[in-house]
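Read through the structure below, which is laid out as structure tokens, and then see the notes.
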2 protein chains.
Amino acid sequence: MPPAQQPSTRQPSTRRPYHHGDLRRAILTAALDVIAADGPSALSLRDLARRAGVSHAAPAHHFKDRTGLLTAIAAEGFGLLAHTLNEAADLKDAGVRYVRFAREHPAHFQVMFTPELLRADDLELTTARALAGDALRGAVSAVRPESLGIDTRLAGVAAWSLAHGFATLLLSHNLDGPVGDKDPEEVFRTLAAMLFRTES
Amino acid sequence: MPPAQQPSTRQPSTRRPYHHGDLRRAILTAALDVIAADGPSALSLRDLARRAGVSHAAPAHHFKDRTGLLTAIAAEGFGLLAHTLNEAADLKDAGVRYVRFAREHPAHFQVMFTPELLRADDLELTTARALAGDALRGAVSAVRPESLGIDTRLAGVAAWSLAHGFATLLLSHNLDGPVGDKDPEEVFRTLAAMLFRTES
DNA sequence: AGGGCAATCTTGTCAGTGTCAAGTTTTGCG
DNA sequence: CGCAAAACTTGACACTGACAAGATTGCCCT
């Protein structure tokens, strides 16, 4: 179908306005849909432009590149992740939030950890990633050092690996068998209890 | 440079022979190089053909598709992984071998766990994946059930998540800081000791 | 030995894509 | 009010994956 000209601002006239209104956001959400469904390799700037009802070169004005679009997505993802990790009660809760983030924002998650698709030196990306890193380290250092093995640094790597591996395998449908119809977050809580013999 | 015509079989004549000799393997290894360097999205069938010194349509005869090529890589990867996991002494050794596999075959590893790039119903892929799954389950069930928490199924998920997450984060250069110049396999051994309070 | 068939590889073509350059419309600010 | 910049369009170019049809070669079978 012809993309149903949405004025979305201004005149309710019949013809599509020259300016979209919020093209940047429209392209971003369309891209997230495509990536969540078929992965980043299925992403086409021209297709996104068609979905938004604009010309094929319009996205370039907001993101410059295909790489620029993906970098913006990754930066947004790290921001969202940092936000939810900062509200974690303890380390286990941080892990659960990590898994939940991957499930609720699969496109962000996938792009965030595919560095060859990103502009590594992008400022927004690096600062957002640093924020997320701080949040993660904060959650790790909050646990009493006696309860974990030797090094808090290594304990952080262990926790991150467990959560990241679980989330990744979950998204790639490699845990459909073992997890079954159980709530993945609840399953992860059990795994986390195996790693750290702490409370609950 | 012009791809240095390698007769590799038959006449040492100066002109390149019509048949390549082992084009399938040549394309595969070239693809692995490209993927290891710049990820699957940088893969171009025409570029691989140029590297092998054949025409742009030659690869299609061996792999049909871009998807077919990636599926063949994934199948080969699962075969290699199954082979090394079957020789593991115990669960921790299986984890170490898992991480070593990811480091020695980063292209295989990346493609194996990117299902949207693969032909899901391919026979060679599904059988190879099943073999690898059996090998993993074998390594998990070898450990005495008392030493791990409750369910062996869940213990397997925990071990797989830890190894997979560590390998993934390693390949995406997210552990360059924490691991530093230490041997990653040795670091992982420490993490594995945290998960399972078993021997050594 | 040799004839023919299938596997392998080539050439040609088409639609689709990312990116750049240059022009057009609109917004907003001095 | 006017004008510069932002937002978007049109056009073009090189590149890609895929398909079709033809050329070359290895190999099997009698």
Side-chain angles (χ1 to χ4, degrees), chain A residues 2-3 5-11 13-28 30-31 34-35 38-73 111 116-119, chain B residues 2-3 5-13 15-28 30-31 34-35 38-73 111 116-119:
Chain A
Q5 50 218 22
Q6 285 238 49
S8 114
T9 59
R10 296 296 173 206
Q11 343 253 64
S13 144
T14 169
R15 64 176 202 76
R16 170 160 47 85
Y18 196 91
H19 283 43
H20 179 281
D22 194 4
L23 181 59
R24 185 185 158 92
R25 192 67 246 168
I27 299 263
L28 274 175
V34 172
I35 295 172
D38 300 321
S41 62
L43 199 79
S44 155
L45 290 182
R46 288 175 113 103
D47 177 50
L48 298 179
R50 276 189 293 264
R51 295 184 186 221
V54 295
S55 81
H56 65 243
H61 204 275
H62 289 273
F63 301 101
K64 169 107 177 169
D65 256 339
R66 210 181 105 99
T67 303
L69 170 59
L70 291 165
T71 301
I73 289 176
V111 172
E116 65 263 19
L117 297 177
L118 307 178
R119 189 121 35 214
Chain B
Q5 51 216 23
Q6 285 238 50
S8 113
T9 60
R10 299 294 175 208
Q11 343 254 65
S13 144
R15 63 175 204 77
R16 168 161 48 84
Y18 196 90
H19 283 42
H20 178 280
D22 195 4
L23 180 57
R24 184 185 158 90
R25 192 66 246 168
I27 299 263
L28 274 175
V34 172
I35 295 173
D38 300 322
S41 62
L43 199 78
S44 154
L45 291 183
R46 287 174 113 103
D47 178 51
L48 298 179
R50 276 189 293 266
R51 295 184 186 220
V54 294
S55 80
H56 65 245
H61 204 275
H62 290 274
F63 302 102
K64 168 107 177 171
D65 257 339
R66 212 181 104 99
T67 304
L69 170 59
L70 292 166
T71 301
I73 290 176
V111 173
E116 64 264 18
L117 298 178
L118 309 178
R119 190 123 33 215

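Note that the coordinates shown come from a computational prediction; the quantities given were computed from them, not determined experimentally. First the proteins, then the strands, lettered A, B, ... as listed; each starts at 1.
Legend: residues meeting side chain to side chain contact (heavy atoms under 4.5 Å, CB included) with B/Ala60, ordered by chain and number and at least two apart, are absent. Partners of B/Asp38 according to the salt bridge (Lys or Arg N to Asp or Glu O under 4.0 Å) rule, which considers only residues two or more places apart in sequence or in another chain, do not exist here. Applying the side chain to side chain donor-acceptor pair (under 3.5 Å) rule to B/Arg25 yields the partners B/Glu76; only residues at least two apart in sequence or on another chain are considered. Looking at residues two or more places apart in sequence or on another chain, you find a side chain to side chain contact (heavy atoms under 4.5 Å, CB included) between A/Arg46 and A/Ser44, A/Arg50, A/His56.
One axis for each end of the helix from C/dA1-D/dT30 to C/dG30-D/dC1, each built from five base pairs, and the angle between them comes to 10° at 10° resolution.
Between A/His61 and B/Lys64, the one whose closest nucleotide on DNA chain D sits nearer the 5' end is A/His61.
Between B/Asp22 atom CG and C/dC9 atom C1' the separation is 15 Å, expressed in whole Å. At whole-Å resolution of the value, CZ in B/Arg66 and P in D/dC19 are 14 Å apart. The distance between atom CG of A/Leu48 and atom C1' of C/dT17, rounded to the nearest whole Å, is 12 Å. The nearest whole Å value for the distance from the CD1 atom in A/Ile27 to the P atom in D/dA7 is 13 Å. Rounded to whole angstrom, the span from the CZ atom of A/Arg51 across to the P atom of C/dT17 amounts to 11 Å.
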Are any protein N/O atoms closer than 3.5 Å to N/O atoms in nucleotides 4-6 of chain C? If there are, list each pair with its distance.
none

What are the atom names and distances for every N/O pair under 3.5 Å that joins the protein to nucleotides 10-14 of chain D?
residue	atom	partner	partner atom	Å
D/dG11	O6	A/His56	NE2	3.0

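No engagement by A/Leu69 is indicated, since no non-hydrogen atom pair under 4.0 Å with the nucleic acid exists. Contact annotation for B/Asp47: no contact, since no heavy-atom pair falls under 4.0 Å across all strands. Within the nucleic acid shown, B/Leu43 comes within 4.0 Å of sugar-phosphate atoms alone, with no base atom in reach, counting heavy atoms only.
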Return a table of donor-acceptor pairs under 3.5 angstrom between the side chains of residues 61-72 of chain A and protein atoms on other chains or two or more places apart.
residue	atom	partner	partner atom	Å
A/Asp65	OD2	A/Arg119	NH1	3.1
A/Asp65	OD2	A/Arg119	NH2	3.0
A/Arg66	NH1	A/Leu43	O	2.6
A/Thr71	OG1	A/Thr67	O	2.7
A/Thr71	OG1	A/Arg119	N	2.9

